[in-house]
Amino acid sequence: MGGFRKLRRSFYARPTLQVARDIIGKFIVYRSPQGKLSARIVEVEAYIGRGDPACHAARGKTERNEVMFGKAGVTYIYFIYGMYHCLNFVTEPAGRPAALLLRAAEPAEGTGLMKKGGSRQGLDRLLSGPGKFCRAFGLTRAHNGLDLTGDKIYLEDRNKPAGEIVTTTRIGINHGRQHRWRFYDAGSAAVSRK
DNA sequence: TGAATGATGCGCT
DNA sequence: GCGCATCATTCAT
């Protein structure tokens, strides 16, 4: 089993926009209580530091966002709109708060365990949004701050990189719109929006 | 096929 | 009390 390379902390502890490009095409693996789930990452957004008004860390450290201020390579999961969770990967060296929001992925292993939402859509739409991903994987605030270099949840390089990576402005924000900090695999049908 | 809208809880001012 | 890194449904074209 496995045989693939688990991404180390040094992968995450770099400038966020570099990590964003490199993370497209990597696989996220979650060893859930029900079994192994995995998916190929096809869309992320960058949220970078005090100077980015859309970043939760822009107004300083709080109980909610404190993991972003710590070491790279841990999960940052928050609750939004009263019913959804969003998964992020903390980037940059400790003390420099930043993260990548996982927006979409292609289901790989454990698709039968992934919790489907209300509507019935094809497999390529099952993880096509940040809220949908966490719902399908069963991730909540209970999984905030998990170490991505551990064995419960981690990223792997399975040698399936993106062909073309497109950059656009970020979705669903009111401030910091000018930055083109959304990255996605142009060849994927699982991207949330084109 | 796209725009509008309701659901629903909580962090923060 | 307001606004939110969303989504599924409804209604209009």
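What's counted below: heavy atoms across the whole structure, side chains too, no hydrogens, waters or symmetry copies. Computed from a predicted model, the values in this text were never measured in an experiment. By convention in this document, chain letters (A, B, ...) are assigned in the order of the sequence lines, proteins followed by strands, and residues within each chain are numbered from 1.
At the phosphate of B:dG11, OP1 or OP2 sits under 4.0 Å from a side-chain N or O atom of A:R141. Contact between the side-chain N/O atoms of A:T62 and the OP1/OP2 oxygens of B:dC12 is found at a separation under 4.0 Å. Side-chain nitrogen and oxygen atoms of A:R135 include at least one within less than 4.0 Å of the OP1 or OP2 phosphate oxygen of C:dA8. Between A:N174 and C:dC4 there is a side-chain N or O to OP1 or OP2 distance below 4.0 Å.
Taking a 4.0 Å limit (strictly below) on heavy-atom distances, residues 76-85 of chain A reaches DNA chain C at A:Y78, A:I80, A:Y81, A:Y84. Annotation: proximity of residues 177-193 of chain A to DNA chain B (heavy atom, distance under 4.0 Å) is found for no residue.
For DNA chain C, if you chain together Watson-Crick or G-U pairs that step i with j, i+1 with j-1 and so on, the runs of at least three with distances under 3.5 Å are B:1-7 with C:6-12, B:9-12 with C:1-4.
For the pair A:R125 CZ and C:dC7 P, the interatomic distance rounds to 10 Å; values are reported in whole Å. C:dT6 atom P lies 19 Å from atom CZ of A:F137, rounded to whole Å. The distance between atom NE2 of A:H175 and atom P of C:dA5, rounded to the nearest whole Å, is 10 Å. Residue A:N65 contributes atom CG, which lies 18 Å from atom P of B:dC10 at whole-angstrom precision. Rounded to a whole Å, the CZ atom of A:R64 is 16 Å from the P atom of C:dG3. What separates NE2 of A:H56 from P of C:dG3 is a distance of 16 Å, to the nearest Å. The separation between A:K115 atom NZ and C:dC7 atom P is 16 Å, rounded to whole Å. Atom NZ in A:K132 sits about 13 Å away from atom C1' in C:dT9, given to the nearest Å.
With a 6.0 Å cutoff to the six-membered ring centre and a 45° limit on the axis angle, A:R5 does not count as a cation-pi contact of A:F11.
The residue A:R170 sits apart from the nucleic acid: no heavy atom pair falls under 4.0 Å. Looking at heavy-atom distances under 4.0 Å, A:L101 makes contact with a base.
Here the closest non-hydrogen pair linking A:Y12 and A:V19 is O-CG2, 3.8 Å. Of all non-hydrogen atoms in A:S192 and A:R182, the two that sit nearest each other are OG-NH2, 3.7 Å.
The hydrophobic cluster containing A:V166, built from Ile/Leu/Val/Met/Phe/Trp/Tyr side-chain heavy atoms closer than 4.5 Å, also comprises A:V42, A:Y184, A:V191. Hydrophobic clustering, defined by side-chain heavy atoms of Ile, Leu, Val, Met, Phe, Trp and Tyr closer than 4.5 Å, leaves A:I171 isolated from every other such residue.
The closest side-chain donor-acceptor pair between A:E106 and A:S188 falls under 3.5 angstrom. Residues A:T149 and A:R9 bring a donor and an acceptor atom of their side chains to less than 3.5 Å of each other. For the residue pair A:Q121 and A:K132, a side-chain donor N or O sits within less than 3.5 Å of a side-chain acceptor on the partner.
Ring geometry for A:Y76 versus A:H56: interplanar angle over 60°, hence perpendicular rather than tilted (30 to 60°).
Counting non-hydrogen atoms of neighbouring residues, nucleotides and ligands closer than 6.0 angstrom, the NZ atom of A:K160 reaches no more than 12 such neighbours.
Put simply, the residue from A:N65, A:L101, A:L87 that forms a side-chain contact (heavy atoms from CB on, under 4.5 Å) with A:Y78 is A:L101.
Under the salt bridge (Lys or Arg N to Asp or Glu O under 4.0 Å) criterion, the residue pairs touching residues 183-194 of chain A are A:R40-A:D185, with sequence neighbours excluded.
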